Asker: 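Below is one structure. I have some questions about it.
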Amino acid sequence: MRVLVTGGAGFIGANFVLRTLEIRPDASITVLDKFTYAANPSTLTPVADRVHVVRGDIADAAVVDPLVAAADVVVNFAAESHNDNSLADPSSFVQTNLVGTYTLLESVRRHGVRLHHVSTDEVYGDLDLDDPARFTEETAYNPSSPYSSTKAGSDLLVRAWVRSFGVVATISNCSNNYGPYQHVEKFIPRQITNVLTGIRPKLYGDGRNVRDWIHVDDHNDAVWTIIERGQPGETYLIGADGEVDNRTVVESILESLGRPRNAFDFVTDRPGHDRRYAIDSTRLRTELGWSPRFTDFASGLAATIDWYRSHSDWWAPVKDGVEASYAQTQNILDREGS
Ligand code: NAD
Ligand code: DAU
């Protein structure tokens, strides 16, 4: 199978490439990635002789078209993915998440190529902490941030191209991923690398917001399951029953690294901060037979902490810049709040 992986140098896309080389060694992989700040070129260096890497933009039809024409399936991971950045400047989110997905759709339509579109549970908005409900494929879209609204828009474009033009596509909406190669701007890697560099972890608001954590390999195995067994035109939710509040995650990281559990700071909350996400993945499990392998979040987190501890060469070059940018954002939020 010839697989075009867009965004294949980012966190989940690169893990998808590495996992595919392991479990589907006959697949021929091309990565199309713009190599924004979120990509780390060194992630794919060890497999450079087994993967064709193209530097380019999913919103550039001239680049996209010949790559799509030469593929059996396109897996779209490419996106602007960080909520905090979307609050500071939404423009690249509109361009990549909406115009980029549109450009891919027009190309798969022209060439009759299968698309799998990778999306997020954030399209459903948030839940109260005590709400017994979880998100299902039937939950109404209700996104909160520029990031999640552009992802929601991209999903709707995919659905429209399926219905109006007969494009063969599936969509998955997954919960929060953790694991190796995640950018240090994101919550778990940020707090691990904070502790490793002598900075106190930072919790937004009251720290009680809940995320539904899933290991990145479980997400990517689910994506392969949907590519191979999913019904064209359908949406599948991916989740591993991993609900944990942010404070508990930070306390676990501190404890694992031998620091007092209370050695963190509360900081000004993210504007519009979603309270809780929770996925009901019954459909994926019963109809397609997928189930997660990493069912114990504590041991998955411990392995992730070990990975960051032993791969400072991968993250250290960008750590200071990320923290300087967060400090600037916090100053603005503090000024606006006072
Ligand atoms: P990431 O930010 O780590 O990686 C995104 C990649 O896309 C980067 O390599 C970047 O260079 C590339 N990219 C950005 N704009 C591009 C463009 N215009 N053209 C080509 N490449 C471009 O993101 P991630 O966390 O790996 O997320 C991957 C996908 O999974 C996204 O679509 C995201 O919405 C979705 N998702 C993420 C999570 C999560 O917890 N991280 C959960 C559910 C869904
Ligand atoms: O739910 C899936 C989504 O998960 C994906 O679609 C996004 O691409 C991905 O970034 C993630 O979004 P979140 O906003 O949930 O992830 P983030 O890592 O930014 O934050 C996780 C939680 O931790 C959230 O409640 C905000 C909080 N947080 C984050 C940072 C960076 C803190 O308390 N302190 C921090 O320093």
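Because the structure is predicted, anything quoted here is derived from the model rather than measured. Both ligands and their constituent atoms are indexed starting at 1 by order of listing.
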Asker: Considering heavy atoms of the protein only, find what lies nearest to atom 44 (C) of ligand 1 and give residue, atom and distance to 0.1 Å.
Answerer: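 Of the protein heavy atoms, Ser119 O, 3.1 Å lies nearest.
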Asker: Side chains of His273 and Asn209: is there a donor and an acceptor less than 3.5 Å apart?
Answerer: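 On atom types as modelled, these side chains qualify, holding a pair under 3.5 Å.
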Asker: Write out the residue and atom name of the closest protein heavy atom to atom 12 (O) of ligand 2, then the distance separating them to 0.1 Å.
Answerer: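 Ranking protein heavy atoms by distance from atom 12 (O) of ligand 2, first comes Glu122 OE2, 2.8 Å.
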Asker: Go through ligand 2 atom by atom and flag the ones less than 4.0 Å from a non-hydrogen atom of Thr120.
Answerer: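 Those qualifying, in numeric order: 1 (O), 2 (C), 3 (C), 5 (C), 6 (O).
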Asker: Considering only heavy atoms, which of Ser154, Ala78, Ser81, Ala39 lies nearest to atom 2 (O) of ligand 1?
Answerer: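 Ranked by closest heavy atom to atom 2 (O) of ligand 1, first place is Ser81.
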Asker: Looking only at protein heavy atoms, which one is nearest to atom 19 (O) of ligand 2, and how far off is it?
Answerer: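 Protein heavy atom with the smallest distance to atom 19 (O) of ligand 2: Arg270 NH2, 2.8 Å.
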Asker: May I ask you to check whether His215 and Tyr178 place their ring centres under 6.0 Å from each other?
Answerer: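 Yes; His215 has its ring centre under 6.0 Å from that of Tyr178.
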Asker: Quick check on contacts: which atoms of ligand 2 are under 4.0 angstrom from a heavy atom of His273?
Answerer: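 So the atoms of ligand 2 that pass are 24 (C), 25 (O), 26 (C).
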Asker: Please determine whether the number of non-hydrogen atoms from other residues, nucleotides or ligands lying under 6.0 Å from atom OH of Tyr204 exceeds 12.
Answerer: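 Count over threshold, so yes.
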Asker: Examine the proximity of ligand 1 to Tyr147 and report which part, side chain or backbone, both or neither, has a heavy atom under 4.0 Å away.
Answerer: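 Contact part for Tyr147 vs ligand 1: side chain (C-beta onward).
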Asker: Which atoms from ligand 2 have a heavy atom of Gln191 less than 4.0 Å away?
Answerer: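 This gives 34 (N), 35 (C), 36 (O) as the contact atoms.
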Asker: For atom 21 (N) of ligand 1, grab the closest protein heavy atom and report residue, atom and distance to one decimal in Å.
Answerer: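 Protein heavy atom with the smallest distance to atom 21 (N) of ligand 1: Lys34 N, 3.1 Å.
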Asker: Which one of Val63, Ile58, Thr43, Val75 has a non-hydrogen atom at the shortest distance from atom 19 (N) of ligand 1?
Answerer: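 Considering heavy atoms of Val63, Ile58, Thr43, Val75, the nearest to atom 19 (N) of ligand 1 sits in Ile58.
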Asker: Determine, step by step, whether Lys319 and Glu323 satisfy the salt bridge (Lys or Arg N to Asp or Glu O under 4.0 Å) criterion, reporting the C-alpha distance in whole Å, the side-chain angles of both residues, the deciding distance to 0.1 Å, and the verdict.
Answerer: CA-CA 6 Å; Lys319 177 69 182 169; Glu323 287 310 310; 3.1 Å; yes
Asker: Heavy-atom pairs closer than 4.0 Å: do any link ligand 2 to the side chain of Asn176, the backbone, both, or neither?
Answerer: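 It is both backbone and side chain that touch ligand 2.
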Asker: Who's closest to atom 38 (C) of ligand 1 heavy-atom-wise, of Asp60, Asn173, Ile214, Ile12?
Answerer: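 Shortest heavy-atom distance from atom 38 (C) of ligand 1: Ile12.
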Asker: I'd like to know if Asp65 and Arg110 make a salt bridge, using a cut-off of under 4.0 Å between side-chain N and carboxylate O.
Answerer: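 Judged by the 4.0 Å cut-off on N to carboxylate O distance, Asp65 and Arg110 do form a salt bridge.
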Asker: Which protein non-hydrogen atom lies closest to atom 4 (O) of ligand 1, naming both residue and atom, and how far is it?
Answerer: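 Answer, as residue, atom name and distance: Gly10 CA, 3.4 Å.
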Asker: Heavy-atom distance to atom 29 (C) of ligand 2: which of Tyr204, Tyr124, Phe266 wins?
Answerer: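 Looking at heavy atoms only, Tyr204 sits closest to atom 29 (C) of ligand 2.
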Asker: Give the residue, atom name and distance (to 0.1 Å) of the protein heavy atom nearest atom 36 (O) of ligand 2.
Answerer: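 For atom 36 (O) of ligand 2, the nearest protein heavy atom is Arg190 NH1, 2.7 Å.
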Asker: Using ring centroids (six-membered ring only for Trp), state whether Tyr37 and Phe35 fall under 6.0 Å.
Answerer: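 Not close enough - the centres of the two rings lie 6.0 Å or further apart.
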Asker: Under the ring-ring contact (aromatic ring centres under 6.0 Å, His included) criterion, do Tyr181 and Trp307 qualify, and how do the steps go?
Answerer: CA-CA 9 Å; Tyr181 304 108; Trp307 189 87; 4.8 Å; yes
Asker: Would you say the ring centroid of Phe135 lies under 6.0 angstrom from that of Tyr124?
Answerer: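 Under 6.0 Å, so yes.
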Asker: Out of Ala79, Ala59, Ser92, indicate the one that has the non-hydrogen atom closest to atom 5 (C) of ligand 1.
Answerer: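 Comparing heavy atoms across Ala79, Ala59, Ser92, the nearest one to atom 5 (C) of ligand 1 lies in Ala79.
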Asker: Check if Ala14 has a non-hydrogen atom at a distance under 4.0 Å from any atom of ligand 1.
Answerer: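 No.
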Asker: Just to check, does Asp57 reach to within less than 4.0 Å of ligand 1 when the distance is taken from its heavy atoms?
Answerer: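 Yes, that is the case, since the closest heavy atom of the residue is under 4.0 Å from the ligand.
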Asker: Do His117 and Thr101 have side-chain N/O donor and acceptor atoms under 3.5 Å apart?
Answerer: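 No - no donor-acceptor pair under 3.5 Å links their side chains.
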Asker: Tell me if the aromatic rings of Trp224 and Phe16 count as close, with their centers under 6.0 Å from one another.
Answerer: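 Ring centroids of Trp224 and Phe16 are less than 6.0 Å from each other.
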Asker: Note the single closest protein heavy atom to atom 15 (O) of ligand 2, along with its residue, its atom name and the distance in Å.
Answerer: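 Protein heavy atom with the smallest distance to atom 15 (O) of ligand 2: Arg211 NE, 2.7 Å.
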Asker: So do the side chains of Arg270 and Leu87 get within less than 4.5 Å of each other, counting heavy atoms only?
Answerer: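 Arg270 vs Leu87: side chains touch.
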Asker: May I ask you to list the atoms of ligand 1 that are less than 4.0 angstrom from any heavy atom of Ala38?
Answerer: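 Numbered from 1, ligand 1 contributes 2 (O).
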Asker: Can you hop from Ile29 to Val74 via hydrophobic side chains spaced under 4.5 Å?
Answerer: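 Each belongs to a different hydrophobic cluster.
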Asker: Run the contact test for Gly8 against ligand 1 with a 4.0 Å cut-off on heavy atoms, strictly below, and give the result.
Answerer: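 No, that is not the case, since the closest heavy atom of the residue is not under 4.0 Å from the ligand.
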Asker: Would you say Glu185 touches ligand 2, if touching means a heavy atom closer than 4.0 Å?
Answerer: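 Flag set, Glu185 near ligand 2.
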Asker: Under 4.0 Å from a heavy atom of Tyr277: give me the atoms of ligand 2 that qualify, with their elements.
Answerer: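 Answer for ligand 2: 1 (O), 15 (O).
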Asker: Determine, using heavy atoms of Tyr178 and all atoms of ligand 1, whether some pair is separated by less than 4.0 Å.
Answerer: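 Tyr178: no contact with ligand 1 (<4.0 Å).
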Asker: Tell me whether Leu301 shares a hydrophobic cluster with Trp315, the cluster being built from Ile, Leu, Val, Met, Phe, Trp, Tyr side chains joined at under 4.5 Å.
Answerer: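 Hydrophobic grouping puts Leu301 with Trp315.
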Asker: If we ignore hydrogens and angles and just use 3.5 Å, is the side chain of Ser325 paired with the main-chain N or O of Gly321 as donor and acceptor?
Answerer: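 Not a single qualifying donor-acceptor pair exists.
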Asker: Quick check: does any side chain N or O of Ser148 sit under 3.5 Å from a backbone N or O of Pro143, one acting as donor and the other as acceptor?
Answerer: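 Between the backbone of Pro143 and the side chain of Ser148 there is no qualifying donor-acceptor contact (under 3.5 Å).
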Asker: Mark the output for Gly100 as yes if a heavy-atom distance to ligand 1 is under 4.0 Å, and as no if none is.
Answerer: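 For ligand 1, residue contact (heavy atoms, under 4.0 Å) with Gly100 is absent.
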Asker: Between Thr36 and ligand 1, does any nitrogen or oxygen pair lie at a separation below 3.5 Å?
Answerer: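 In this structure, Thr36 places an N or O atom under 3.5 Å from an N or O of ligand 1.
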Asker: Return yes if a side-chain donor-acceptor contact under 3.5 Å exists between Trp213 and Glu243, otherwise no.
Answerer: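 No, no side-chain donor-acceptor pair sits under 3.5 Å.
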Asker: Closest by any non-hydrogen atom to atom 9 (C) of ligand 2: pick that one out of Gly205, Pro189, Pro201, Ser81.
Answerer: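 The nearest heavy atom belongs to Ser81.
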Asker: Of the protein's non-hydrogen atoms, which lies at the shortest distance from atom 20 (O) of ligand 2, and what is that distance?
Answerer: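 The closest heavy atom on the protein side is Phe187 CB, 3.6 Å.
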Asker: Tell me, which protein residue and heavy-atom name are nearest atom 34 (N) of ligand 2, and how many Å apart are they?
Answerer: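 Its nearest protein heavy-atom neighbour is Lys202 O, 2.8 Å.
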Asker: Near His82, which atoms of ligand 2 are under 4.0 Å from a heavy atom of that residue?
Answerer: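 Within the 4.0 Å cut-off of His82, ligand 2 contributes 19 (O).
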Asker: Before accepting this row, confirm whether a basic side-chain N of the pair Asp221/Arg293 lies closer than 4.0 Å to the acidic partner's carboxylate O.
Answerer: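 So Asp221 pairs with Arg293 through a salt bridge.
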Asker: Can you tell whether the side chains of Asp206 and Arg275 come within less than 4.0 Å, N to carboxylate O?
Answerer: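 Between Arg275 and Asp206 there is a salt bridge, with a charged N closer than 4.0 Å to a carboxylate O.
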Asker: So which heavy atom in the protein is nearest atom 1 (O) of ligand 2, and how far is it from that ligand atom?
Answerer: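 So the nearest neighbour among protein heavy atoms is Asp121 OD1, 2.5 Å.
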Asker: With a heavy-atom distance limit of 4.0 Å, tell me whether Lys186 approaches ligand 2 through its side chain, its backbone, both, or neither.
Answerer: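 Both of them.
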Asker: So is Tyr147 polar-close to ligand 2, meaning N/O to N/O under 3.5 Å?
Answerer: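 The answer is yes, given that Tyr147 and ligand 2 share an N or O pair closer than 3.5 Å.
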Asker: Using the side-chain hydrogen bond (donor to acceptor under 3.5 Å, both in side chains) rule, pick out the option among Asn83, Asn173, Asn142, Asn176 that qualifies with Glu122.
Answerer: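 So the option named by the test is Asn83.
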Asker: Quick one: does Lys151 get within less than 4.0 Å of ligand 1, heavy atoms only?
Answerer: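 A heavy atom of Lys151 does come that close to ligand 1.
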Asker: Which protein non-hydrogen atom lies closest to atom 40 (O) of ligand 1, naming both residue and atom, and how far is it?
Answerer: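 For atom 40 (O) of ligand 1, the nearest protein heavy atom comes out as Asn177 N, 2.9 Å.
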Asker: Asp241 and Arg134: salt bridge (Lys or Arg N to Asp or Glu O under 4.0 Å), yes or no, with the steps?
Answerer: CA-CA 10 Å; Asp241 301 331; Arg134 298 194 292 172; 2.8 Å; yes
Asker: Nearest to atom 27 (C) of ligand 2, what protein heavy atom do you find, and at what distance?
Answerer: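 The closest one turns out to be Asn246 ND2, 3.5 Å.
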Asker: Do any N or O atoms from the side chain of Arg261 and from the backbone of Glu255 form a donor-acceptor pair under 3.5 angstrom?
Answerer: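 Side chain of Arg261 to backbone of Glu255: no pair is present.
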Asker: Report, in ascending order of atom number, the atoms of ligand 1 lying under 4.0 Å from any heavy atom of Val118.
Answerer: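 Per the distance check, 30 (O), 32 (O).
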